Amino acid sequence: VSDAGSIFAPAHENLPPIITLTTDFGGTDSYVAEMKGVLLTGCPAARIVDVTHAITPQDILSGSIVLERVLRFFPSRTIHIAVVDPGVGTNRRLIAAEIAGQILLCPDNGLITWAWKLAPAKARARELIWRPRAESGHAFSATFHGRDILAPAAAQLVGGRATLEMLTAPAPIEPVLLPIEPAPLHATAGVIIHIDHFGNAITNLSPDPQQLHSARVGRRMIPIRRTYADVPEGNPVALVGSSGLLEIAVRNGHAAKTLALHVGTRVRLS
Amino acid sequence: VSDAGSIFAPAHENLPPIITLTTDFGGTDSYVAEMKGVLLTGCPAARIVDVTHAITPQDILSGSIVLERVLRFFPSRTIHIAVVDPGVGTNRRLIAAEIAGQILLCPDNGLITWAWKLAPAKARARELIWRPRAESGHAFSATFHGRDILAPAAAQLVGGRATLEMLTAPAPIEPVLLPIEPAPLHATAGVIIHIDHFGNAITNLSPDPQQLHSARVGRRMIPIRRTYADVPEGNPVALVGSSGLLEIAVRNGHAAKTLALHVGTRVRLS
Amino acid sequence: VSDAGSIFAPAHENLPPIITLTTDFGGTDSYVAEMKGVLLTGCPAARIVDVTHAITPQDILSGSIVLERVLRFFPSRTIHIAVVDPGVGTNRRLIAAEIAGQILLCPDNGLITWAWKLAPAKARARELIWRPRAESGHAFSATFHGRDILAPAAAQLVGGRATLEMLTAPAPIEPVLLPIEPAPLHATAGVIIHIDHFGNAITNLSPDPQQLHSARVGRRMIPIRRTYADVPEGNPVALVGSSGLLEIAVRNGHAAKTLALHVGTRVRLS
């Protein structure tokens, strides 16, 4: 993959100072705020957007699904920091990636998977080798690279003090990817990849709903409709959700609980 | 209701770019961030304030109570987007409303109720008929109008590219309202309308605490005091809370659990 | 303690308009947003950073531990508002404190404890006696001083309309402190002071990990290592965490549940 014309090229314009945060840090501790403090200290103009800090601890797949959605909706060249990092302090790499004009900084542990697989032609990654020790006198801890490496790197970038080229090794790398695949265009067999807050079960299928009548989960046939309210209260429904993927819902209910759905459950269309 | 001099009139000044978000989307998914990305893409200067994303799923009443409070405290002509939307994708309307100088964009399903009933003289609403399809080439999904209609509309407004008059049908409408009423000024019988995070039970009563001695809930008489610490630890107390409404609390405890209170429980003053 | 050269001196420069919020208000109500509305109304340029609103209700110790971390990482003279306030409406004082160049506004109930004890030489406090009634015509409630006193005071400060000297009584005060102590430098006996979102148990010990081999909790000996991944999956490990304090963890597990750890559990090093 050539980096010509990409964000890794040296002479790019200034980045917009938007930085999003996606973590499994939860909402009860100071960890998220510590990262925000580092970002604002390094770049007082930074505009920080919380995506979520409620990824299930260590659930890289779930973080990966959320990240792919976020990358679609932000202004070009927004920086996204993602930290779900069970391998922190080991020799796992950190990566800086460009995906369809968005910049992602995260551990190289699979967090990039879903965004990478849905946009491979526009995605490239390099190893983030910059460390803040030399410049700032600050050491970095063995357990919090989000605060001690990724946030200072992002502040360097949005503050205009460094380019991604300066922070990364020059050779493109193949990032670590999880074994999860988007279903082919006309596939009729897929799998649940995510359960959302409402209990809706998102699949890896992106069918044309006009061509199909129902989704089968176990022995249950679920009608494919346009929106939740197209079935009676409490009834199951399948529809193409706001992400373009088929999802199984229960109108005003919690499909995952009601229908015993979980990540990995198989779904067939007919 | 005449719109003269209101935010619906064509020649208003620029809006402050503050946009608040009140939803039932929860904290684990990308839905909130998708809306933020749309807002920042449409208006890079937008300043987004999270109110809450933890409204109980589909609980329109609860969202309505929260919204009324929020509308009281923000700078004039702040835009508030609220999304608790079980009817998304049906023919339920979207509305743009002005309430005491604040702007509210939400589904017309009762979310506006509490704010509308507490300030009817200063409230007016129109149907939001603008759709982003024509201008942007983007389709909008049948299941996420918050992201695909309300957020782009808000970005148009705070970005100065449209006025509310341009986005709405000209005739004022009567919004859908839930069957919940503020108690009359000197009422002595009311009802619990909200249980808060601390377990305090907020009623629809706004009494003068100097005129009254106690609140009765079931067979229990609860003394009316000025603040939580006016009763011993663990004891129940009634007081006029920060919203101006009478609430039932337990000092350093959880009144709703301890006293078995819920939305709809009746309260009498004496 | 002399205030010369401190933020309490009259002729300081403008403060950066960053205001952080640390509360036990939870995520379901309007309370946090009401404070944000007051801050933005009083100072439209204010940049508000949520630290957490998920401190366990009334848990002053936990709030104190979080605050200490936050104060370390923000730009100099950031204003931090903390509200965990079971004594609201009583005659407990409010304080304005300076700790290592950061400004803290909070009830004088022990919230300042951990930051004060870790940085006593650089900490000073005064009573916050300013009340908004006279200037704004607004009354303040007996139950929400965060919204009605602390937020307006912070807006006065970051808006440049007041200095801390103008809002406080001139005499320095000794704030209320909780009975919790950082362990001395070479101490080998300590105590758990905080359980974090991952179930890691943070102690009051800050040992040199190269000098020590294991931590004893009850009858269990736990090896001291550099990072979580230095032990097999599911195994306990002790390490110096990102706060510089020794913590007990279980790799990819929840140490507090697995090992029955809680605040107050004793830990010995060897």
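The analysis underlying the following values was restricted to heavy atoms, covering all of them including side chains, and did not include hydrogens, waters or symmetry mates. Lettering of chains follows the sequences in order, A, B, ..., and the numbering in each one begins at 1. Quick caveat, the model's predicted, so the values are computed rather than measured.
For the pair B:Arg226 (side chain) and C:Ala142 (backbone), a donor-acceptor distance under 3.5 Å is absent. Under a 3.5 Å cut-off, the side chain of B:Ser242 and the backbone N or O of C:Thr143 do not form any donor-acceptor pair. In this structure, the side chain of B:Arg47 engages the main chain of C:Pro44 through a donor-acceptor pair within 3.5 Å.
Summarising the local packing, CZ of C:Arg161 is surrounded by more than 12 heavy atoms from other residues, nucleotides or ligands at distances under 6.0 Å.
Both the backbone and the side chain of C:Phe25 come within contact range of chain B, each with at least one heavy atom under 4.5 Å from a heavy atom of that chain. Using a 4.5 Å cut-off between heavy atoms, C:Val88 touches chain B through backbone and side chain atoms alike. Looking at B:Ile202, only its side chain comes within 4.5 Å of chain C, counting heavy atoms on both sides.
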Dump the intermediate steps for side-chain hydrogen bond (donor to acceptor under 3.5 Å, both in side chains) on C:Asp29 and B:His194, then the final yes or no.
CA-CA 10 Å; C:Asp29 297 298; B:His194 184 66; 2.7 Å; yes

Report the C-alpha separation of C:Leu40 and B:Ile18 in whole Å, then their side-chain angles, then the decisive distance to 0.1 Å, and conclude whether the side chain to side chain contact (heavy atoms under 4.5 Å, CB included) test is met.
CA-CA 9 Å; C:Leu40 290 169; B:Ile18 302 176; 4.0 Å; yes

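Listed by first and then second residue, the salt bridge (charged side-chain N to carboxylate O under 4.0 Å, His left out) pairs that reach into residues 48-57 of chain B are B:Lys36-B:Asp50, sequence neighbours excluded.
Side-chain contact between B:Asp196 and C:Tyr31 is present, with heavy atoms from C-beta onward closer than 4.5 Å.
Scanning residues 54-75 of chain B against chain C with a 4.5 Å heavy-atom cutoff picks out B:Ala54, B:Ile55, B:Val66, B:Arg69, B:Val70, B:Phe73, B:Phe74, B:Pro75, ordered by number.
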